[in-house]
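This report refers to the structure that appears directly beneath it.
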Amino acid sequence: MNKITKSHIVAYFIVGMGSIIMLAPFYFMFVFATHSNSDILSVPPPVWFGSEFINNVGILLDALPYFWHNIGLSFYVALMTTILNLFFCSLAGYAFAMFEFKGRNIMFIMIMGTMLLPPFLGMIPTALIMSQLEWMNQPRALYIPMACGAMGIFMMRQFIASAIPKELIEAARMDGCNEFAIYWRVVVPLITPAFGTLGLITFIGQWNNFMGPLVVMNDMKMFTVPLALRALQGTGQVPWGAICAGAAIAVVPLMILFVMTSRKLIDGLTAGAVKG
């Protein structure tokens, strides 16, 4: 039996402290969702669950009558963004990994360079384009501009290049498959771990997106969850209990999704790390 050494104790302490620091905000979000404003603002604040959750939900629904619609809209936008990202990023990743064409490296470097640009630089052009297309206050104004991203292309290119041998693609071509058939029948079944990873990252990112809806949505009924909850922080007393209750409700689908796809996420992140 291995002895517990001093280094093990230090490692356990560091991991434990890191876990506490990371999980504390989530814990207090759920705790505050069950307390009234006066309890939350008291010193010291509550550290255990109360009995005001139903009242806080009532305050939330009174202030945000479209809250459940906002939840549904957030889910629809996040799902559409995820589907489009998986399709277009995997197509682009397949092209960059398996095709030789003039300017491939330059084009790939240019796409990667867009990751260096601050997201807020595109806010005004995006708003102008959506306005010209008459897409303001439309869900498509959120998921169409996010249909393909540089990070997703990079992830898919690296995964396909490391996980799929070119000989397999050449054999499919010799059998008479066209390029889209090769992508759909050969490549897609082999990159499900990467799909799981990119899909989870994309879904969570779009679910939590605040700046995009802030630019193109001005009707409360069309707000996504982050924007709707931010609308509660107006003038007067801020209903922190109701905000925490709404945030707790909004975080539950992400927790369920993470539990369902965590194995795919780990497989996708570790794919290619070990060869043998």
Side-chain angles (χ1 to χ4, degrees), residues 15 18-19 21-27 29-30 68 70-97 111-112 114-115 119 122 139-164 183-184 186-214 223-229 246-274:
V15 171
S19 300
I21 293 173
M22 180 183 67
L23 296 175
F26 293 96
Y27 173 75
M29 175 186 68
F30 285 104
W68 298 118
N70 300 142
I71 290 279
L73 180 66
S74 289
F75 182 82
Y76 171 71
V77 170
L79 182 63
M80 288 298 298
T81 304
T82 302
I83 293 173
L84 292 174
N85 249 269
L86 294 180
F87 179 68
F88 288 113
C89 289
S90 60
L91 270 179
Y94 168 61
F96 280 117
I111 291 174
M112 293 299 100
T114 62
M115 298 176 65
R140 70 189 74 170
L142 294 176
Y143 61 77
I144 294 296
M146 304 291 291
C148 191
M151 188 193 72
I153 294 174
F154 174 77
M155 182 183 296
M156 286 296 177
R157 174 188 179 275
Q158 297 302 107
F159 189 92
I160 292 173
S162 63
I164 301 179
Y183 160 79
W184 190 253
V186 178
V187 176
V188 168
L190 296 176
I191 60 175
T192 51
F195 273 161
T197 304
L198 180 59
L200 182 61
I201 294 173
T202 303
F203 189 94
I204 293 176
Q206 189 64 10
W207 182 274
N208 295 327
N209 185 17
F210 175 77
M211 296 305 297
L214 180 65
F223 283 180
T224 55
V225 174
L227 193 57
L229 293 178
I249 293 172
V251 120
V252 169
L254 298 184
M255 296 173 64
I256 296 173
L257 180 65
F258 180 78
V259 171
M260 293 174 60
T261 61
S262 58
R263 185 169 182 178
K264 292 291 185 183
L265 174 65
I266 295 172
D267 289 344
L269 293 175
T270 58
V274 179

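Treat the numbers as computed from the prediction; the structure is a model and nothing was measured.
- Taking CZ from Phe223 and CG from Leu229, the interatomic distance works out to 11.5 Å, rounded to the nearest 0.5 Å.
- In this structure, OG1 on Thr197 lies 8.0 Å from CE on Met156, to the nearest 0.5 angstrom.
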Given the rule in the side-chain contact (heavy atoms from CB on, under 4.5 Å) test, do Thr81 and Asn209 qualify, once you have shown the distances and angles that lead to the verdict?
CA-CA 11 Å; Thr81 304; Asn209 185 17; over 6 Å; no

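- Listed here is the closest heavy atom pair of Cys89 and Cys148: SG-SG, 3.8 Å.
- Pairing each heavy atom of Met29 with each of Ala247, the nearest pair is SD-CB, 3.6 Å.
- Leu79 and Phe203 make their closest contact through N-CE1, 3.8 Å (heavy atoms, listed as atom of the first residue, atom of the second, distance).
- Between Trp207 and Ala250, the closest heavy-atom pair is NE1-O, 3.2 Å.
- Listed by first and then second residue, the side chain to side chain donor-acceptor pair (under 3.5 Å) pairs that reach into residues 82-93 are Ser90-Tyr183, sequence neighbours excluded.
- Shown here is Phe210, whose CZ atom has more than 12 heavy atoms of other residues, nucleotides or ligands within 6.0 Å.
- The minimum heavy-atom distance between Gln206 and Leu142, with the atom names listed, is NE2-O, 3.6 Å.
- By the side-chain contact (heavy atoms from CB on, under 4.5 Å) test, Ala147 is found to be paired with Leu84, Phe88, residues two or more places apart in sequence or in another chain being considered.
- Summarising the local packing, CZ of Phe87 is surrounded by more than 12 heavy atoms from other residues, nucleotides or ligands at distances under 6.0 Å.
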Donor-acceptor pairs under 3.5 Å, side chain of residues 71-78 to any protein atom, not counting sequence neighbours: which ones?
residue, atom, partner, partner atom, Å
Ser74, OG, Asn70, O, 3.1
Ser74, OG, Val225, N, 2.9
Tyr76, OH, Tyr143, OH, 3.4

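- Between atom CD1 of residue Ile201 and atom CE of residue Met151 there is a gap of 4.5 Å, rounded to the nearest 0.5 Å.
- Taken from CD1 in Ile160 to CE in Met155, the straight-line distance is 12.0 Å, to the nearest 0.5 Å.
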Decide side-chain contact (heavy atoms from CB on, under 4.5 Å) for Val186 and Tyr94; before the verdict, give the C-alpha distance in whole Å, the side-chain angles of both, and the deciding distance to 0.1 Å.
CA-CA 11 Å; Val186 178; Tyr94 168 61; over 6 Å; no

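- Partner of Ile191 under the side-chain contact (heavy atoms from CB on, under 4.5 Å) criterion, out of Leu86, Leu198, Ile164: Ile164 alone.
- One N or O on the side chain of Thr114 and one on the backbone of Ile111 form a donor-acceptor pair closer than 3.5 Å.
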